[in-house]
Structure formats: structure tokens, C-alpha cells
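Reading through the C-alpha cells given below for one structure.
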Protein chains: 2
Amino acid sequence: MALKHAVLAALTSREGSGYELSKRFDASVANFWPASSQQVYRELDRLEGEGMVKARTVRQEKRPDKRVFSITRDGSRELREFIRNTTRPTVVRDDLLVKVASINPDNRDDVATAIRDRLEFSRRKLEMYEGLREAILGNDSEEEFLAAGPAREDFGPYLALKRGIAFERGNIRWAREVLSVLD
Amino acid sequence: MALKHAVLAALTSREGSGYELSKRFDASVANFWPASSQQVYRELDRLEGEGMVKARTVRQEKRPDKRVFSITRDGSRELREFIRNTTRPTVVRDDLLVKVASINPDNRDDVATAIRDRLEFSRRKLEMYEGLREAILGNDSEEEFLAAGPAREDFGPYLALKRGIAFERGNIRWAREVLSVLD
DNA sequence: TGTGACTACTCAATTTGTTGAGTATATGGT
DNA sequence: ACCATATACTCAACAAATTGAGTAGTCACA
């Protein structure tokens, strides 16, 4: 009830092979719904069994054959239902916060190190996100891009990406604040 | 490798019964590591088997007996190790973003509804967080509270809570922005 | 007298997610 | 000639999380 819809969502804009989809995941959906390639494949098989996606085998020269998946009418219906159903907000599961919550005078340096690591990670991730953002926008300003509305390809992914960017900025701000308190 | 440490962390400040812990989770750790009561009980059993927590049975009149758990030296060591090990940042798994990513002219209203629901939810959650925050601070200002450092009880939980608050504020800001773009 | 909420748990099926290894071909560089 | 990297997958064991049901007593309120 989860990865399922992420896969269907990834297939709405364009079809793709399992391999390609798992790459696509890495580059975009992964920000808010990560999955390994094995998971993607298994999910595609399952969805095929349920008739929500269909596959056609593409013969390739000089490369192994691949199966290219596209969403079916049933799949679209399922996705629409998913969007309509109120799902309880998925939660943040963050073990850094578990670490921070258990801080005490003895482990304070270890916790600070963990926060610094996260700060570094978030910085990197933010850079990556900004790169994706520029790639989506191309020559357009954000205003121009958004003015085109939901008809525009990548409109949805762009909005989701914005959340990812804000999230990492939040991580960075928080981490800096906590580190300065710890000094 | 996950809930385990959250439970140990919850036990560092004070001991507690399974029931109480699962409540404690709801009110604090749950913000970044939610778990159902069943999960907490099972985890406590496991941890007891591994010698990381120990239980004493408390007989109660007019109430069923309860088992009160506390962390052992082994448990503390495990927690320390966990804090020292660099864990890969846990990811946000947010199905609202899956919905948003799959937006198109047909489902735009449904997606907008989902965003509004989230906005409402985040507002409520933020209120709850602010309440917790005031309860922790008591009469102190944040500055005074933080000046006491990690020796202060709830110092860690307070810092973690701050992240939760910033997260929900980020949700709210983002949701409003997206809704205004969709109009 | 009944209702619902709270304390205090247990059991178990099922779904999800993780980890790690394996198969096979092709391209490009040192 | 060799090696890393990329394409395109598959299989299987395991760990973790979710869901749903059930037990049993207490307490406050109408």
C-alpha cells in the first residue's frame, strides 16, 4: 500500500523498464520514497499480476532484453483512489533524533559528531537537489515554470522537490543551532 | 536495529512499564520514531532477552500488575555504540509527496484536497508540539533552559522537539505555497 | 446500569523493507 | 589484455513494521 503507489506515480509521466525506474527513483521519487532496485522489480511483478501495469519485452542488440512497463487503466484508477483516500501522514523516522534525545554529559561529544555528520550529508543532498531543480527549470524562472500549471511535465516532481529542499535546509539550520548550543 | 535504540533512549531518563513507555512514545519519541504499543512490548521482551533491560514486577492493587523496565549497563553500552556508529540518515517517507509528484490536470483538485488535509494535520501537530515545548520549558525562557546544557533532564528531547516543530512549520509553509500555486 | 475511556498487556498473520549474492553482455579506458 | 562501469535483471533469506483482534480489570459520568 505504499511502494506500489510510488511506482505507479513514477509510471504516470512515462513508461520505463525496471532498471530505468529504479534509476528514476534514485534521482527523484527517492527523496521521499526510497526503494532499492530489487524492491522496484518485485513491485512491478506484483503490479503486473494485479493488472495495474503491463509490460512489453523490448529486444535489444548488444544489450540484454528489457521489459518496459506502462500503467494500465486499472493502475490509473488505483492511483486515483490512493490520492483520494486520506492516508495518515507518513512519519519521519530519524535516528539522529533518537541520538539527540538521549544526550547527556557523557555522550555529548558523540552526539555532536553525529550532528556534524548529518549537517555534512544534508549540505551535499541540498546541493544535489539544487542541481535537479535547475535541470527541471532549464532556462525558465520558477515563476514561468509554475505558471504553466499541472499540465507541465515535472510540475508535480518539482513541487515535491521543493519540499525536499526545504527539508534539508531545515536540517541544516537545526543542526547549526544545536551545535552552537552544544559549544 | 532501530526501534531498539529508540526504546533504550526512552529508558535512559527514567524507567517505565511497557504501557507507560508506549504512551511516552506517543508523546515524545513518536515524533521521530513512532511505534505501536505491540511493537514496544515485543521490543522490550527482546531487549530483556539480550540483557539490555531488566524488569521488575510491580504488584498493584486495583490495577493489573505491571512490569517496570530499566536499562542495564549492557543496554547503555549498546546505546553508546549506536550513537557512535554513523548510521545512514533515515529518510522521509511521505505519501503526500507521492501524490503531489503525480499531479496532472485531472487529479489536481484531489491532490489539492490532500494537501489541505495535511496542512490541517500539521497545524494541529504543531500546536501539540508547542504545548509540549511549554511543558518542558516551564517558567524558563529557552535561553535559560538551554544554558543548563545536557545535564538538564529533557535537554535532548527538547532539541529533538525543536526539529519536529521546524518540520511541521516547513510542512505548513510548503503546503500554503503549493496551494497558492494551484489556484 | 450501561458506556466509554484508561490501564496493562498478548498473539499472530501478513506486508514491507533490507541485505547480499549472482547472471550476463558491452563499452571505454590504461 | 584487463578492469571498472553500466545495462538489465533474478533469487532468497531475513528483519522490521503493520494490522487487527483479544483479555481483563478500574473509574468517572449520566
Side-chain angles (χ1 to χ4, degrees), chain A residues 1-8 15-27 29-30 32-50 53 55-69 82 85 87-95 98, chain B residues 1-8 15-27 29-30 32-50 53 55-69 82 85 87-95 98:
Chain A
M1 241 191 158
L3 178 58
K4 187 173 171 171
H5 301 109
V7 170
L8 288 174
E15 59 171 23
S17 66
Y19 186 77
E20 200 199 319
L21 270 176
S22 69
K23 291 280 138 193
R24 211 185 283 177
F25 257 69
D26 278 353
V29 197
F32 44 88
W33 208 284
S36 63
S37 59
Q38 294 96 315
Q39 268 175 285
V40 172
Y41 282 117
R42 193 175 42 173
E43 203 56 46
L44 283 168
D45 285 345
R46 235 177 287 183
L47 286 168
E48 198 187 7
E50 296 177 65
V53 304
R56 60 191 173 82
T57 301
V58 175
R59 256 166 223 280
Q60 297 185 110
E61 279 169 38
K62 316 212 176 186
R63 300 236 150 252
D65 292 355
K66 62 178 174 182
R67 299 209 305 144
V68 174
F69 294 89
F82 165 69
N85 289 334
T87 44
R88 65 194 96 131
T90 346
V91 272
V92 200
R93 242 169 236 282
D94 193 335
D95 51 15
V98 173
Chain B
M1 242 191 156
L3 178 59
K4 185 173 172 172
H5 302 108
V7 170
L8 289 174
E15 58 172 21
S17 68
Y19 185 78
E20 200 199 317
L21 270 176
S22 71
K23 291 282 137 189
R24 210 185 284 176
F25 257 70
D26 278 354
V29 197
F32 45 86
W33 207 283
S36 62
S37 59
Q38 294 95 315
Q39 270 175 283
V40 173
Y41 281 117
R42 194 176 36 178
E43 203 57 47
L44 283 168
D45 285 345
R46 235 178 287 186
L47 285 167
E48 198 187 6
E50 296 177 65
V53 304
R56 60 192 173 83
T57 302
V58 175
R59 255 165 225 282
Q60 296 185 112
E61 278 169 41
K62 316 213 176 186
R63 299 231 153 258
D65 292 355
K66 61 180 176 182
R67 300 210 303 145
V68 174
F69 295 89
F82 165 69
N85 288 335
T87 42
R88 64 189 98 127
T90 346
V91 272
V92 199
R93 244 169 235 279
D94 193 335
D95 51 15
V98 173

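Residue numbers start from 1 in every chain, and the chains themselves are labelled A, B, ... in the order their sequence lines are given, proteins ahead of strands.
The nearest whole Å value for the distance from the CD atom in A/Glu43 to the C1' atom in C/dT18 is 15 Å. The CZ atom of A/Arg67 sits 16 Å away from the C1' atom of D/dT7 (whole-angstrom rounding). The distance from atom NZ of B/Lys4 to atom P of D/dA15 is 11 Å, rounded to the nearest whole Å. Between the NZ atom of B/Lys23 and the P atom of C/dT7 there is a distance of 6 Å, rounded to whole Å. Per the geometry, OH belonging to A/Tyr19 stands 16 Å off P belonging to C/dA26, to the nearest Å. The CZ-C1' distance, from A/Arg59 to C/dT25, rounds to 15 Å in whole Å. Here D/dT26 presents its P atom at 12 Å from CG of B/Asp65, a figure rounded to the nearest Å. When rounded to the nearest whole Å, the span between CG of A/Asp45 and P of C/dG17 equals 16 Å.
Across C/dA8, D/dT7, D/dA17, the shortest atom-to-atom separation from the side chain of B/Lys66 is found for C/dA8. In the set C/dA8, C/dT16, D/dC9, C/dT16 carries the atom at the smallest distance from any side-chain atom of A/Arg46. Closest to the A/Leu3 side chain, of the nucleotides C/dG17, D/dA16, C/dT18, is C/dG17.
Residue A/Gln39 has a polar side-chain atom (N or O) positioned under 4.0 Å from OP1 or OP2 of C/dT18. Phosphate proximity of D/dA15 to B/Arg42: absent, as no side-chain N or O sits under 4.0 Å from OP1 or OP2. An OP1 or OP2 oxygen of D/dT10 is reached within less than 4.0 angstrom by no side-chain nitrogen or oxygen of A/Tyr41. Within the structure, every side-chain polar atom (N or O) of A/Arg93 is placed at least 4.0 Å from both OP1 and OP2 of D/dA16. OP1 and OP2 of D/dT7 both lie 4.0 Å or more from every side-chain N or O belonging to A/Ser17.
Salt bridge B/Lys66/B/Glu20: absent, no basic N to carboxylate O contact under 4.0 Å. In this structure, A/Asp95 does not pair ionically with B/Lys4, as no charged nitrogen and carboxylate oxygen lie closer than 4.0 Å.
The closest side-chain heavy-atom distance from B/Tyr19 to B/Val40 is not below 4.5 Å. You'll find the side chain of A/Arg67 reaches within 4.5 Å of the side chain of A/Asp45, heavy atoms only. Counting heavy atoms from C-beta outward, A/Phe69 and A/Glu48 have side chains that approach closer than 4.5 Å.
Counting distance only, with no hydrogens placed and no angle test, the side-chain atoms of A/Gln38 and the base atoms of C/dG17 include no donor-acceptor pair under 3.5 Å.
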